Protein chains: 2
Amino acid sequence: MRDRVRVVLSHTTHPGNIGACARAMKTMGLERLYLVNPKFFPDPQAVAMASGAADLLERARVCASLEEALAGTTYVLGSSARRRDLAPVWLSPRQAGERLVGQAQRGEVALLMGTERMGLSTEEALQCHALATIPANPEYPSLNLASALQILAYEIRLASLDGWAVPVPPDPPATREDMDMLYQRLEQTLVIIGFLDPTKPRRLMDRLRRLFGRAGLEQNEVNILQGILAHAQNGPWQPPDQ
Amino acid sequence: MRDRVRVVLSHTTHPGNIGACARAMKTMGLERLYLVNPKFFPDPQAVAMASGAADLLERARVCASLEEALAGTTYVLGSSARRRDLAPVWLSPRQAGERLVGQAQRGEVALLMGTERMGLSTEEALQCHALATIPANPEYPSLNLASALQILAYEIRLASLDGWAVPVPPDPPATREDMDMLYQRLEQTLVIIGFLDPTKPRRLMDRLRRLFGRAGLEQNEVNILQGILAHAQNGPWQPPDQ
């Protein structure tokens with residue numbers, strides 16, 4: 001699906017920014033770069049800034065016009081720092097990622113970025129089906145070109161991964177039974193060491209349950225705590241040679 | 001709320017990256033920059049890359065140690081490109097933004113970024129309550145330092161704009177200093193009761209730090225645990241009438 005997304009940079013002034021954009025794209029799994037009339041390209045600064053994404057520069061397509069860069073697309077999303085009178089649909093980056101991924105299921109789509117200084121021209125904005133605006137600090141909304149692309153590409157990636165889930169710890173979690181036995185042993189130990197008076201328990205065990213419950217213990221952590229409690233019940237340890 | 005978020009860059013190699021990070025921060029409304037042992041700072045490259053965010057560099061606090069940079073914080077979120085064995089909680093950037101904003105409602109919080117080349121050291125990762133991982137292209141996950149920060153700062157901004165935050169307990173959270181004292185007392189106690197052999201510590205304390213770090217302790221919970229440890233050091237209690 002992401003193979004159907006092209007990133008189009010229009011009239012980019014600084015070649016280093018083209019390289020930084022290539023890097024931002026590749027980190028998010030986008031590979032197809034189109035350049036409309038770049039001021040300097042190819043350029044060693046672009047290669048330097050691309051780091052491990054220089055292959056995208058080699059395969060980049062340099063176009064003489066926006067029309068050429070958008071040929072064959074069925075949907076164009078523009079990036080714009082400010083609202084315009086003649087705007088099409090306005091989207092947040094999140095909505096934009098979802099929309100672009102949805103549209104890519106049925107055709108070629110483009111993410112269009114304007115120049116560093118001025119962004120998209122009015123004519124370019126009119127070529128877009130929707131414009132995405134990053135909700136930046138109104139007192140300083142000046143994102144670097146590659147930074148804006150990084151955020152939009154990140155949202156495109158999230159939308160395309162869909163099933164991406166936070167990795168979970170590999171260790172097996174403690175069961176309810178593990179935890180019950182732990183709390184029993186803990187209570188017993190607190191009585192033995194004189195911290196808990198069984199005639200006046202107050203809410204101590206509730207508080208400790210809340211604390212450990214919040215941590216979400218693993219089985220091996222329960223084993224460690226059980227070991228500590230077993231030792232605590234026996235009191236200060238005497239070295240064998242004493 | 002965003003005033004309670006500090007961004008901590010540890011041992012940054014290239015001053016241009018510090019400037020780019022300042023710019024990424026300011027575009028997302030974050031203003032407090034802490035630098036732990038930067039290789040070159042202040043530096044004209046940092047100013048050039050900061051563009052309109054050079055004021056953040058002027059107000060940046062240069063620290064001799066991570067401890068100094070994290071002093072007074074109650075929650076630390078680390079940025080990590082890869083999974084680690086002894087990880088605390090793992091979060092997506094979106095979850096991380098929500099968590100950090102929620103925690104900032106009750107105390108000072110930090111977003112910690114490691115070096116360009118290696119990211120966070122294992123020791124630094126152990127100082128974090130949670131690690132955020134950007135779901136990058138596994139074949140090229142190499143985000144520029146400022147790009148990774150841009151994404152995390154964007155998610156922090158979204159979470160803060162939403163007004164939505166993870167509900168947090170009303171009790172005051174433990175400070176770093178509280179937790180350090182707790183771990184010292186815990187280690188001492190484990191030696192006294194014979195559970196921890198100081199000549200073969202293995203990774204026991206790291207595991208316990210990870211467990212309690214995940215829980216995010218409150219001050220009154222630290223007090224309870226300190227009380228338990230004090231009693232455990234004295235061993236089984238003898239009732240007065242025996």
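Keep in mind that this is a model prediction, so the values were computed, not measured. Residue numbers begin at 1 in each chain, while the letters A, B, ... track the order of the sequences.
Both the backbone and the side chain of B:I192 come within less than 4.5 Å of a heavy atom of chain A. Both the backbone and the side chain of B:N144 come within less than 4.5 Å of a heavy atom of chain A. Looking at B:S51, the atoms closer than 4.5 Å to chain A (heavy atoms on both sides) sit in the backbone and in the side chain alike. If you measure heavy-atom distances from A:R2 to chain B, you find no contacts under 4.5 Å at all. Both the backbone and the side chain of B:A53 come within contact range of chain A, judged by heavy atoms closer than 4.5 Å. For B:A24, no part lies near chain A; criterion is any non-hydrogen pair under 4.5 Å.
Counting only heavy atoms from C-beta outward, the side chains of B:R210 and A:E218 approach each other to under 4.5 Å. Using a 4.5 Å cut-off on side-chain heavy atoms (C-beta onward), B:L208 and A:E221 make no contact. Between B:L225 and A:L211, some side-chain heavy-atom pair lies under the 4.5 Å cut-off. Side-chain contact check for A:I134 versus B:M28: some heavy-atom pair is nearer than 4.5 Å. Taking 4.5 Å as the limit, every side-chain heavy atom of B:L143 sits out of range of all side-chain heavy atoms of A:R23.
The CD atom of A:E155 sits 9.0 Å away from the CD1 atom of B:I151 when rounded to the nearest 0.5 Å. Here A:T27 contributes atom OG1 and B:E139 contributes atom CD; the two are 12.5 Å apart, rounded to the nearest 0.5 Å. One finds the CD atom of A:Q233 at 10.0 Å from the CD1 atom of B:I193 (value rounded to the nearest 0.5 Å).
Scanning all heavy atoms of the two residues, the minimum distance from A:F195 to B:I224 falls at CZ-O, 3.7 Å. The shortest heavy-atom contact between A:A50 and B:Y140 is O-OH, 3.6 Å. Looking at every heavy atom in both residues, B:A232 comes nearest to A:P236 through O-CD, 4.5 Å.
Looking only at heavy-atom pairs under 4.5 Å with chain A, the residue among B:G227, B:A20, B:P141 that has the most is B:G227. The candidate with the highest count of non-hydrogen atom pairs below 4.5 Å against chain B, out of A:A146, A:S92, A:A230, A:S142, is A:S142. Between chain A and the options B:G52, B:G29, B:S147, heavy-atom pairs under 4.5 Å are most frequent for B:G52.
Side-chain N or O atoms of B:N137 include one that pairs as donor or acceptor with a backbone N or O of A:K26 at under 3.5 Å. Proximity of a side-chain donor or acceptor of B:R157 to a complementary backbone N or O of A:P135 within less than 3.5 Å is detected.
Applying the 6.0 Å contact sphere to CZ of A:R59 captures more than 12 heavy atoms from other residues, nucleotides or ligands.
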